*Asks:* 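A single structure is presented below for examination.
Source: prediction; values computed, not measured. Just the heavy atoms: all of them, side chains too, but no hydrogens, waters or symmetry mates, feed the values below. Just so you know, ligand 1 is whichever comes first in the structure, and atom 1 is the first atom listed for that ligand.
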Amino acid sequence: MKFDSLGLAAPICQAVAAAGYTDPTPVQARVIPEALAGHDLMVSSQTGSGKTAGFMLPALQLLTEAHAVAGRGPRVLVLVPTRELSMQVTKAAEIYGANLRRIRTVSVVGGMPYPAQNRLLQAGVDILVATPGRLLDQMQSGRIDLSRLQVLVLDEADRMLDMGFKDDLEAIVARTPATRQTLLFSATLDSNIVRLAGSLLRNPVRIEIDSQQARHESIEQRLHIADDQGHKNRLLNHLLREIDVNQAIVFTATKRSADEVAQDLHSKGFAVAALHGDMNQGARTRTIQALHRGRLRVLVATDVAARGLDVHGIS
Ligand code: AMP
């Protein structure tokens, strides 16, 4: 199957081709036609499945036609659990929408200074990509009008529930038009997600992509039992020096242990940085960029990096 058989407008197909994609992924092949037909969707799909284009391409298609009501409020809202994912989705919108005229994409996340954020919102928004806490905050100060909203996307919905965003999500959705189309993406469609979908979606089409198939076949899992912290650090040092390790992510349970492990690896000569929620947004962004550019070999992170990050060099 090719992208141009999915019903997408030519400028969108051209942007997809320019991005180097030839064929839609399984998620895209299922999601795009249903989304274009206007259905609500409940989709199980993993990071790396191509789900971002799955929701963004049909959303962009909608923006090729003028809205009946003039205004500055967003027509598409994508809710994401983390700031990093927000940046990634914003970038995807810009790439896929490169051939469409006057599409404004704005990211609203915590940690960003309010004056800069307020100016962006003031200038008008077509696609708003946001984390729930800061969005609600901005809505309560009257800076965001969702009355023109046509498409609501809940990306990594299970993760948003895990992070305690349920009440925020419901408060946000309550202020969107009932006529909206809602697209929910989640790694799993467990009972919590199904319950959330029951209250937010209208007769959703359920799309489950075989996660076995979508999962990377090259992933090998190993368990190492360590005697103590010193032994654990030596094991880690040894593993990271294996010849076929290009870049690596090390997850830790706490922010403090992320800093400690990063310091230990730094003292052993690794190009390493920590990433966690106590860092300011500028530092988090620079760290992710350094990882993307290959300047970091090891990222030591808490679960802020557990989902959605797409870095090609990670072995
Ligand atoms: P996502 O799961 O949306 O985070 O996408 C994972 C990665 O797949 C990103 O690097 C995309 O640029 C890439 N990608 C998305 N769709 C396609 C496609 N149809 N063909 C090849 N790569 C794709």
Side-chain angles (χ1 to χ4, degrees), residues 1-36 41-61 76-99 105 107 109 127 129 131 151 153-160 183-189 207-219 246-247 249 288-289 291-294 299 301 303-315:
M1 190 189 283
K2 296 285 170 204
F3 271 100
D4 45 20
S5 64
L6 294 176
L8 293 164
I12 299 177
C13 291
Q14 283 152 13
V16 163
Y21 313 161
T22 48
D23 304 304
T25 65
V27 178
Q28 291 163 356
R30 298 275 307 279
V31 164
I32 292 171
E34 296 284 3
L36 287 175
L41 303 181
M42 185 170 146
V43 186
S44 74
S45 59
Q46 314 280 331
T47 294
S49 59
K51 64 185 163 62
T52 313
F55 61 74
M56 196 52 81
L57 301 179
L60 286 166
Q61 174 110 337
V76 176
L77 170 62
V78 184
L79 292 174
V80 294
T82 64
R83 303 167 189 180
E84 281 71 20
L85 191 54
S86 173
M87 285 185 279
Q88 214 164 271
V89 171
T90 303
K91 202 165 149 216
E94 285 161 359
I95 292 171
Y96 304 144
N99 300 330
T105 306
S107 171
V109 297
I127 303 175
V129 185
T131 50
V151 180
V153 179
L154 305 171
D155 193 13
E156 309 266 3
D158 51 342
R159 181 100 181 91
M160 289 197 281
L183 311 175
L184 178 150
F185 291 78
S186 173
T188 55
L189 298 181
I207 296 179
E208 290 183 74
I209 300 298
D210 180 4
S211 58
Q212 255 357 81
Q213 203 187 335
R215 219 167 268 158
H216 293 279
E217 278 165 11
S218 56
I219 290 181
N246 177 30
Q247 285 179 299
I249 301 184
I288 295 290
Q289 281 169 351
L291 189 69
H292 272 289
R293 291 178 186 151
L299 180 73
D303 63 358
V304 294
R307 286 281 191 82
L309 280 190
D310 175 39
V311 180
H312 288 288
I314 303 290
S315 30

*Asks:* Does an N or O anywhere in T52 fall below 3.5 Å from an N or O of ligand 1?
*Replies:* yes
*Asks:* Under 4.0 Å from any heavy atom of D23, which atoms of ligand 1 are there?
*Replies:* 18 (C), 19 (N), 20 (N)
*Asks:* With no hydrogens and no angle check, is any side-chain donor or acceptor of S186 less than 3.5 Å from a backbone partner on L189?
*Replies:* no
*Asks:* Which heavy atom of S49 sits nearest a heavy atom of S45, and at what distance?
*Replies:* OG-CB, 3.6 Å
*Asks:* Could you pull out the closest heavy-atom pair between E208 and R30, with the gap in Å?
*Replies:* O-NH1, 4.1 Å
*Asks:* Number the atoms of ligand 1 from 1 as they appear, then name those within less than 4.0 Å of a heavy atom of H312, with their elements.
*Replies:* 10 (O)
*Asks:* Near F3, which atoms of ligand 1 are under 4.0 Å from a heavy atom of that residue?
*Replies:* 19 (N)
*Asks:* Considering both backbone and side-chain atoms of Q28, is one of its nitrogen or oxygen atoms within less than 3.5 Å of a nitrogen or oxygen in ligand 1?
*Replies:* yes
*Asks:* Report, in ascending order of atom number, the atoms of ligand 1 lying under 4.0 Å from any heavy atom of T25.
*Replies:* 17 (C), 18 (C), 19 (N)
*Asks:* Taking all heavy atoms of L8 and all of P58, pick out the closest pair and write down the distance.
*Replies:* CD2-N, 4.3 Å
*Asks:* Which heavy atom in Q247 sits nearest to a heavy atom in G294, and how many Å separate them?
*Replies:* NE2-CA, 3.6 Å
*Asks:* Taking all atoms of both residues into account, what is the closest heavy-atom pair of K2 and T22, and its distance?
*Replies:* CD-O, 4.0 Å
*Asks:* At a 4.0 Å threshold, what atoms of ligand 1 neighbour a non-hydrogen atom of S49?
*Replies:* 2 (O)
*Asks:* Below 3.5 Å, N or O to N or O, backbone or side chain included: is there any such pair between G48 and ligand 1?
*Replies:* yes
*Asks:* If you look at every heavy atom in Q28 and G50, which pair is closest and at what distance?
*Replies:* NE2-O, 2.9 Å
*Asks:* Below the 3.5 angstrom mark, is there an N/O of T22, backbone or side chain, next to an N/O of ligand 1?
*Replies:* no
